[in-house]
Structure formats: C-alpha cells, structure tokens
Amino acid sequence: MSPIQQIYAREVLDARGIPTIECSLWLDDGRSVMTTVPSGTSTGKYEAKELRDNDPNRMVGRGVLKAVNNVNFILGPQLIGKDPTNQTDNDQLLVNLDGSRDKSKLGANAIIAVSQTILKAGALSSNLPLYKYIQQKYQLTNTLSIPNCVFNLIEGGKHGAENLDIQEFEIIPASHLNYPDALNMAVTIYTKLREVLIMKGAIHSTGLNGGYTPNLFNNTDAFEIIIETIKATPYTFAQDVFLGADMSASSFYENGKYILKDKSQPYSANELAKYYKSLKELYHVFYIEDAFQEDDVKAWKELTLDIGSTSMIVGDSLLVTSLEKTTKAIQDKLCNSVLVKPNQTGTVSETIQVIKLAKESGWQVIVSHRSGGTIDDFVVDLAVGTGAQYVKFGPPNRGERIAKYNRLSTIYSELQYDAQQVATAQQPEMPAQIQPTDLQTATPIQAELTQSIHINDVPNPLQQQISEITTDPMINSSPDLSQPTTVTTPDPNPIVNLEQSTITPVNVGQTAPNTNQPSVSTQMASVPQQQTTNQTQPIENSNQPVVLNPEGSVNITSPLENN
Ligand code: PGA
Ligand code: ZN
C-alpha cells in the first residue's frame, strides 16, 4: 500500500460550460489519479448540496472556488498519510469534517471529488482496473458483466427546448443483444431518428445531453416517432428494443397537479398513473423514472402496487441516492428500482451502501451520469464493479457521453479477454504441437473477435434472482432483465482488503466537529466500535467504520434481512 501524499483540486468546466471541480491525488510512490465531478440540471430537492460561490461577477455566480479551497485547505490535508484502500474510514472522515446533514458546509461537490479520487487511488495502489478493484473490495457481484444501457434519444423538460414536458424519451435494448450489438442498435436508431425528423420537417437540433429536441405537438408524438424510426431499421420493436421515460415529474408539478401538453387540463396523480398505464399498453414503456413529484408518496406507492410487477418504477429525485430514503422506499414499496448518482449523496461509501441495499432487496440498480458531466468515466467502473443491472449515460452523442460508452467498450474487451484466458486454462493438456495457435497467442483484440465464448453459462446468484423476476407473466412482454455479457468468475484470491461501506451521516442539529483540530484520526480512533451495533457488519473486521456520532446513525440493515 502506498499512502496518500497530496490532494489538489481546481475549477474546470462541465459539459454545459458551468464550473465544477477536478481533483488530483498523488500517492507516496509518485503515481497519481484524477477525477472530475458532475452536476445536475433537474436537481432533486433532497440531494446533498453543492457549494457555489454565488459571486455574480464570476462564472455567472456559479464558480466553485470556495469548494476548491475546502478540498485544498481542509479535506485534502487531513488525508495525507492515509491508506487510500480504507475508503470507508476516509469517507467517514470527510463526512465528519463537513459536519452537516446535507454536506452544505464544505460542499457535496468538494466531498465527492475527494471521495472519488480516493477510490481511484485505492485501485491504482492495488494495481487493479477500477471496476475489478470495486468488485473485489465490496463483493456486490460474483461476476463482471456489461450492464444494459438506457439510451436517451429525445429530450424535453429542463434538458430540452421547452417543446416537450417529459425529460427523456429512451430506448432500452433487449438483453439478448450483447454490448457491441446494443450499441450498434442505439447508434443506428439515433442516426435514423434524425433522418425521420428531417423528413417530417421537425426541428432536429439537440438538448443538454445530445438528445433531439423536436417541436412535436405533444409527448405522445415523441413515442410514436421513435417507434416509427425503429420500424425503419432492421430492429424489431418490443422484441429487440423497448421504451422508457424519465418523467422528472417535479418539473411539471404545480399546486398538486401535473401539467402535460397531452391534455388541456392538468392531471391529478391518479390521472397521471392512468396515462403511464396507457403508455405501457400502447408503446411498451416499461421503464418510468420519477413518475411523480418526490413528496407525492401516495401516488408512487399506488403506481408500484399497480404496475410494479411488470415495470421498472425508478426513483431518482425521489431517492437521491440516500440510504435513508431508499430504506424507507423499500419498506413502503414506493418503487422497485433506484437511480444511482454518487454526487447526490456525496461519498462513494454512501453510494455503495445504497447499491448494496437495493440489490439485497431485489431492486434493479441503474448507475447514472448527470447532465452536467465531463469526460470522466468513473460511473462506468462503478456500475460494472458493483454489478448494476443498468446504466444511463445519455444518447450516443457528445464527448462526455461517448467517453462512457467507449469505456464500456474497453471493459467489454477486457472481460472477453479474461474469459478467453479462463477457457484456455480449462482446456485439457495437449501436446504442444497440436495446441491451437490462435488460443496460445490470443490478444485482447483477438479475444473480442472470438464469438465462441458464451459466458452466460457462468452461474450467478444475481442472475437467478433476476430470472425469477422475469418469470412474471407480464414481464415477458418486456426486455429480459438478465445481464447480457457475464464474463468472469470471481478472483479466488482477492488482493484488496474487503470492505463493506457503513458510513454514519451526521445527525441533524449536532455540532459540527472543529475542522481546525490537528488530529481528527486520533480523536476517531478512541470511539469504541460496539457503538455501531445498529449497522450491517463489515465483511472484514479490520475495516470497521469509525463512528464519531453514534447517536446520529441510522439502521441500514436491509428490510429483507429483518424478515
Ligand atoms: P440531471 O438529470 O440534469 O439532474 O443530471 C438527469 C436525470 O434526471 O436523470
Ligand atoms: Zn432522472
């Protein structure tokens, strides 16, 4: 292990031209990592809070120099000499240094920047690609595979040109397509959609994420036009590809009603639920994200009860990657899938806790970018390493989105190569002169081209769990939720310390720790570990979470474990 030598942050721009934080970390051995944090446009009201300068004379008030200073003068210096593979301890230190419930004091943008660099540094220090480090460290998946992609094609709401109310009109490939085929399909349909829009005389410029923002009459027209486009390609609608929507309903919610172009009168929550059912019946829309405003809990619950067995009801602004909110939503059956955005909660460890809980509870996990992204591909490795079933990275367009799809392509090649190596190792010994030369000399590229590897045969408890879900009679009309590209078996000798992240949020109203204290680590080390009894036990005791404020801890045991 090489300890942390220095952490340094600076202000850079995100894909919207709005400032964000780039953070570098140097290890004692001279090697370094860097990360950039994304930022949202349709930000949920319960998200951890970014710190912005609010100086109207600079960067239209959205500078992040205060947050950068917090990294350089408060957070970074406290981490010098620490082991980067102790993610939970390091994240707990960040949480405690901030001391506020919503990370508003030092800024969630400052904290997540440091937390992400620590994870990347841990991987570097362990000489592993980030996704393999995450898999070995947290053991949330037995096998590594490429998640299914939710591709956004048309944008409305806060991401669009005020033509449409729904924020994202999405296509989701069926899982019989492997990643290269799914990507090929998305690119084909995305490109054809432009032609169809031009043919119809519709506007075909793009929105915040690179999805089209056509001037259509209403939201339903967007679904119609996507289906028409699919039919003009070699793909079969509702067989190769299905539809989804991020409603981002808070953005069209006013005085208890939902205002959509599709109807002259505002919708009640009940009427909106009926609208969703009609979208499913007419257009096979089986993925609905942020169906209602985040406090309209009754509506969420009823929709999930009604169509949740056959549809993905996804909480984004509803859950804000919060362990507390996800725990409650699972107990109250508000939805059945969680959108995961690390910057919504502010540390990697808290993000991992949410993914773990969701998976243990049989939920689907969708790891997502933000509209204010950069070319950083951190979320790709996070998704693969935790065994998330889905990712959402926007349309196959624009540098910051393409960086993620290209990272998936790289990981796909590496997994194919690993599978090839496993297959070769399992070959019975043959005399050297008759060994097939192509296997002896396989390179990653050759391995990728080899079509004979059928890795779905690898037994995987998660897959079994998913296939149970797919046996529901109605889900058969939806995409197969199993994972398309399972490749490797777990490493029997993991070289990283196993860690189960158990971060304790700071209690509301408690006094924040004094950030001027010289030795926070000494202070934390004196806290007895049995004060964490409410929490899920880490896999390895050597990596117990440090808890400064046990009275502020929440019970993060999965509701399923209580049964
Ligand atoms: P964002 O929204 O603009 O807040 O990143 C993306 C989403 O709602 O999924
Ligand atoms: Zn969303």
Side-chain angles (χ1 to χ4, degrees), residues 14-18 20 36-50 52 62 108-109 112 147 149-162 164-172 206-211 213 219 243-253 258 276 285 287-294 296 300 312-322 325-326 329 334-346 351 354 364-374 376 378-379 382-383 388 390-395 397-398 400-401 403-404:
D14 71 24
R16 306 164 300 178
I18 294 175
T20 188
T36 317
V37 298
S39 170
T41 304
S42 57
T43 312
K45 67 178 181 183
Y46 299 112
E47 289 189 25
K49 298 288 177 289
E50 292 176 336
R52 297 266 172 200
R62 305 200 66 181
N109 42 354
I112 191 65
C149 299
V150 178
F151 293 98
N152 169 15
L153 296 188
I154 292 181
E155 297 189 72
K158 288 185 180 165
H159 291 181
E162 301 191 358
L164 299 167
D165 313 295
I166 298 177
Q167 187 169 284
E168 296 181 357
F169 297 83
E170 301 146 341
I171 55 167
I172 304 167
T206 57
L208 263 190
N209 291 337
T213 55
N219 296 285
L243 299 189
D246 180 359
M247 301 302 299
S248 197
S250 310
S251 59
F252 52 85
Y253 181 76
Y258 297 90
Y276 295 144
V285 176
Y287 172 112
I288 301 178
E289 182 179 324
D290 277 351
F292 302 99
Q293 193 261 0
E294 49 263 68
D296 202 350
W300 277 94
M312 286 173 67
I313 311 293
V314 184
D316 173 11
S317 294
L318 175 75
L319 304 174
V320 293
T321 318
S322 147
K325 286 193 169 291
T326 308
L334 298 189
C335 52
N336 60 24
S337 308
V338 58
L339 201 82
V340 171
K341 296 167 168 171
N343 83 316
Q344 283 183 326
T345 186
T351 305
V354 169
Q364 305 289 300
V365 173
I366 307 103
V367 172
S368 171
H369 71 154
R370 301 298 309 242
S371 55
T374 70
D376 190 288
F378 176 86
V379 282
L382 178 70
Y390 289 85
V391 290
K392 192 177 91 159
F393 298 148
N397 185 27
R398 296 176 51 137
E400 71 282 2
R401 323 291 155 198
K404 274 91 176 163

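Just so you know, ligand 1 is whichever comes first in the structure, and atom 1 is the first atom listed for that ligand. Both backbone and side-chain heavy atoms feed into the values below; hydrogens, waters and symmetry mates do not.
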Keeping the roles fixed (side chain from [X], backbone from [Y]), state whether a donor-acceptor pair exists under 3.5 Å.
X	Y	answer
N219	D165	yes
E155	G210	yes
K392	R370	no
N209	G394	no
K45	T43	no

Any side-chain donor near an acceptor of the partner, Q167 and N152, under 3.5 Å
no

Do S39 and R52 have a side chain donor and acceptor closer than 3.5 Å?
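A donor-acceptor contact under 3.5 Å links the two side chains.
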
Tell me the contacting part of Q167 for ligand 1: side chain, backbone, both, or neither, using a 4.0 Å heavy-atom threshold, strictly below.
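Looking at Q167 and ligand 1, just side chain atoms fall under 4.0 Å.
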
Please list, in number order, the atoms of ligand 1 under 4.0 Å from a heavy atom of [X].
X	result
K392	7 (C), 9 (O)
S42	1 (P), 2 (O), 3 (O), 4 (O), 8 (O)
R370	1 (P), 4 (O), 5 (O)
D316	7 (C), 8 (O), 9 (O)
S371	1 (P), 3 (O), 5 (O)
D246	7 (C), 8 (O), 9 (O)
H159	1 (P), 2 (O), 3 (O), 6 (C)

Would you say the side chain of S42 lies within less than 4.5 Å of the side chain of S251, judging by non-hydrogen atoms?
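S251 does not reach S42 side chain to side chain.
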
Among non-hydrogen protein atoms, atom 6 (C) of ligand 1 lies closest to K341 NZ, 3.4 Å

Test side chain to side chain contact (heavy atoms under 4.5 Å, CB included) on F292 and M247; report intermediate values, then the result.
CA-CA 8 Å; F292 302 99; M247 301 302 299; over 6 Å; no

I'd like to verify the contacts: list protein N, O or S atoms under a distance of 2.8 Å from the Zn ion (ligand 2).
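Per the 2.8 Å query on the Zn ion (ligand 2), atoms found are D246 OD2, E289 OE2, D316 OD2.
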
Going by the side-chain contact (heavy atoms from CB on, under 4.5 Å) test, name the single residue among T321, L319, T326, V354 that passes it with T345.
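Checked T321, L319, T326, V354 against T345; only one passes side-chain contact (heavy atoms from CB on, under 4.5 Å): T321.
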
